[in-house]
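This structure is a prediction, so every number in the text was calculated from the model and none was measured. Residue numbering restarts at 1 for every chain, and letters A, B, ... go by the order of the sequence lines.
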Amino acid sequence: MNWYEKNARDLPFRQTKDPYKIWICEIVFQQTRINQGLNHYNNFIKRFPDVKTLATAEENEVLLYWKGLGYYSRAINIHKAAQQIMNDYKGVFPSHYEDILTLKGIGKYTAAAIASICFNGKIPAVDGNFYRVLSRVFADDFDISGSKAFTYFSELAHLILPDNVGDFNQAMMDLGSEICKPKNPVCIECPLQEDCLAFSTNKISDFPVKTKKVKMENLDLKYYFVHRKGQFLIQQRKDDFIWKKLFEFPISISIDLEPFVKGVKVINHKLTHKNLQIEIADVEVNSEIVWNNLIRENKYIITDREGSHEKSFPKPLESYIQNTLKD
DNA sequence: AAATCGGGGCA
DNA sequence: TGCCCAGATTT
């Protein structure tokens, strides 16, 4: 706690206890490093400054502000949760852990973080930082990849919980992020060095123990970039796979477009568990009759460069659009 | 209990 | 190239 008092990171959500802002920041920074999400957080708060603004916004606009952040179900859930707060809690953010937990997209960690930071709740917000710091300090080889890890390290955390749990939770985050890092931790500057069992036995790199292994999968996507006079066709994805509800080019077209294909661009894109190979056929429709037939299907959305700025595209498609239409 | 969901930084 | 990050939800 003394270390945190002197070394707390200066972050935009550190000067507030507004549960709305803390909530948004917790969701934005799930599985996301601070530098990566900072602009998204600031832009999001500027456009949606409170629960009501968010609840009454269009889902697609919420997704637009999430563009490029990844894990898009977070944006969909954050929007639903805002409506939950309006309907079930009269627009007032719930203050009890169990009530916060009922909100879409808020799990045990986030509920604990909000309850402790905003409402003086006495619940440790156990995340990856907790796993790492506690497993090292106690040289505890409990496997953090199992589903029992959360309960185990929560109970461990309760043993060392001070009065101000909100600051304690944030202190653990900063310590885990700045000092007790996954690789090359800065033990020389660590306030817990004398108490750290892993350090004193020179076994820092043995903790935390994580057994789960990652397997990669290959996935091919074939798109048609169908355009005419600066306009092009897009559609919206479902919410059951990657890139939930983001916009993309048509996958298949009923009309034979092969005569119009000018070339095919291949993009390789890495996801956490997938290697994507994306083929984009450049289809310039130079026949107005064919173009009108495509439009008449009423199956695709027609947009252009300006319109595409108002839609959320997956990262590789966003890059493709920018490169293709830059002139 | 295990699988799934993005994107970026880093060694 | 593989691992990790202010995890939650679905299967």
Side-chain angles (χ1 to χ4, degrees), chain A residues 8-9 11-14 21-41 63 66-78 80-81 100-117 124-133 143-151 153-154 166-178 180-185 205 208-217 219 237-246 268-276 312-319:
Chain A
R9 289 175 289 181
L11 300 170
F13 41 87
R14 278 282 163 76
K21 292 197 176 79
I22 299 300
W23 168 42
I24 300 301
C25 102
E26 290 301 340
I27 304 297
V28 166
F29 293 111
Q30 280 172 9
Q31 300 294 288
T32 304
R33 293 178 199 273
I34 295 297
N35 282 337
Q36 189 181 349
L38 218 42
N39 285 335
H40 281 90
Y41 170 79
L63 282 166
W66 213 265
K67 174 162 62 176
L69 252 189
Y71 286 171
Y72 296 95
S73 58
R74 289 185 295 175
I76 297 166
N77 284 335
I78 222 173
K80 288 178 182 168
I100 299 172
L101 206 46
T102 65
L103 300 173
K104 283 287 184 189
I106 296 187
K108 289 173 290 186
Y109 161 78
T110 304
I114 296 172
S116 65
I117 295 171
V126 177
D127 67 341
N129 292 306
F130 266 74
Y131 289 165
R132 194 166 55 254
V133 173
D143 185 1
I144 68 164
S145 53
S147 54
K148 288 187 281 192
F150 183 88
T151 302
F153 284 101
S154 293
D167 279 352
F168 177 72
N169 286 333
Q170 297 185 85
M172 289 289 277
M173 297 176 204
D174 280 17
L175 188 68
S177 161
E178 307 288 288
C180 197
K181 299 183 290 186
K183 290 172 185 172
N184 302 329
S205 59
V209 171
K210 187 174 187 178
T211 60
K212 196 163 74 180
K213 36 191 170 273
V214 192
K215 65 169 186 192
M216 292 297 285
E217 176 185 345
L219 183 63
R237 293 182 64 84
K238 309 288 187 189
D239 66 351
D240 59 349
F241 190 41
I242 60 172
W243 298 328
K244 292 177 174 48
K245 295 198 175 180
L246 265 55
N268 291 306
H269 186 80
K270 282 168 61 80
L271 270 51
T272 300
H273 296 98
K274 291 179 177 63
N275 284 319
L276 301 188
S312 185
F313 289 92
K315 206 70 182 178
L317 298 188
E318 177 81 17
S319 302

Please report the closest heavy-atom contact between A:K67 and A:S312, naming both atoms and the distance.
CB-OG, 3.4 Å

Work out which heavy atom in A:H40 is nearest to a heavy atom in A:Q36; give both atom names and the distance.
ND1-O, 4.0 Å

Rounded interatomic separation in angstrom, taking [atom1] from [X] and [atom2] from [N]:
X	N	atom1	atom2	result
A:M173	C:dC5	CE	C1'	13 Å
A:I114	C:dA6	CD1	C1'	11 Å
A:K108	C:dG7	NZ	P	14 Å
A:I144	C:dC3	CD1	P	13 Å
A:R132	C:dC3	CZ	C1'	12 Å
A:L175	C:dA6	CG	C1'	14 Å
A:E178	C:dC5	CD	P	14 Å

Nucleotide N/O to protein N/O under 3.5 Å, stretch nucleotides 9-11 of chain C:
unit_1 : atom_1 : unit_2 : atom_2 : d
C:dT9  : OP1    : A:G105 : N      : 2.4

Please name the residue in the list A:Y71, A:Y41, A:W66 that meets the side-chain contact (heavy atoms from CB on, under 4.5 Å) test with A:I27.
A:W66

Using the side-chain contact (heavy atoms from CB on, under 4.5 Å) definition, which of the options A:I106, A:V28, A:I24, A:L103 pairs with A:I78?
A:I24

Reckon [X] touches a base, only the sugar-phosphate, or nothing at all at heavy-atom distances under 4.0 Å?
X	answer
A:N35	nothing
A:F13	base
A:R14	base

Given the [atom1] atoms of [N] and [M], what is the spacing between them in whole Å?
N	M	atom1	result
C:dA8	B:dG8	P	22 Å
B:dA11	C:dA6	P	16 Å
C:dC3	B:dA3	P	15 Å

dist A:S73:OG -> A:D240:CG (nearest 0.5 Å) comes out at 12.0 Å

Would you find more than 12 non-hydrogen atoms of other residues, nucleotides or ligands less than 6.0 Å from A:K104 atom NZ?
no

Run the side chain to side chain contact (heavy atoms under 4.5 Å, CB included) test against A:K315 and tell me which residues pass, sequence neighbours left out.
A:H269

For the pair A:Y109 and A:Q30, evaluate side-chain hydrogen bond (donor to acceptor under 3.5 Å, both in side chains) and give the outcome as yes or no after the intermediate values.
CA-CA 10 Å; A:Y109 161 78; A:Q30 280 172 9; over 6 Å; no

Between A:F130 and A:F168, what is the ring plane arrangement, given parallel below 30°, perpendicular above 60°, and tilted in between?
perpendicular

Within the 4.0 Å limit for protein heavy atoms, which parts of nucleotides 1-11 of chain B are touched? Write it as a string from 5' to 3', B for base, S for sugar-phosphate only, - for none.
B---BBBB--S

So, is A:T110 near the phosphate of C:dA8, with a side-chain N or O under 4.0 Å from OP1 or OP2?
yes

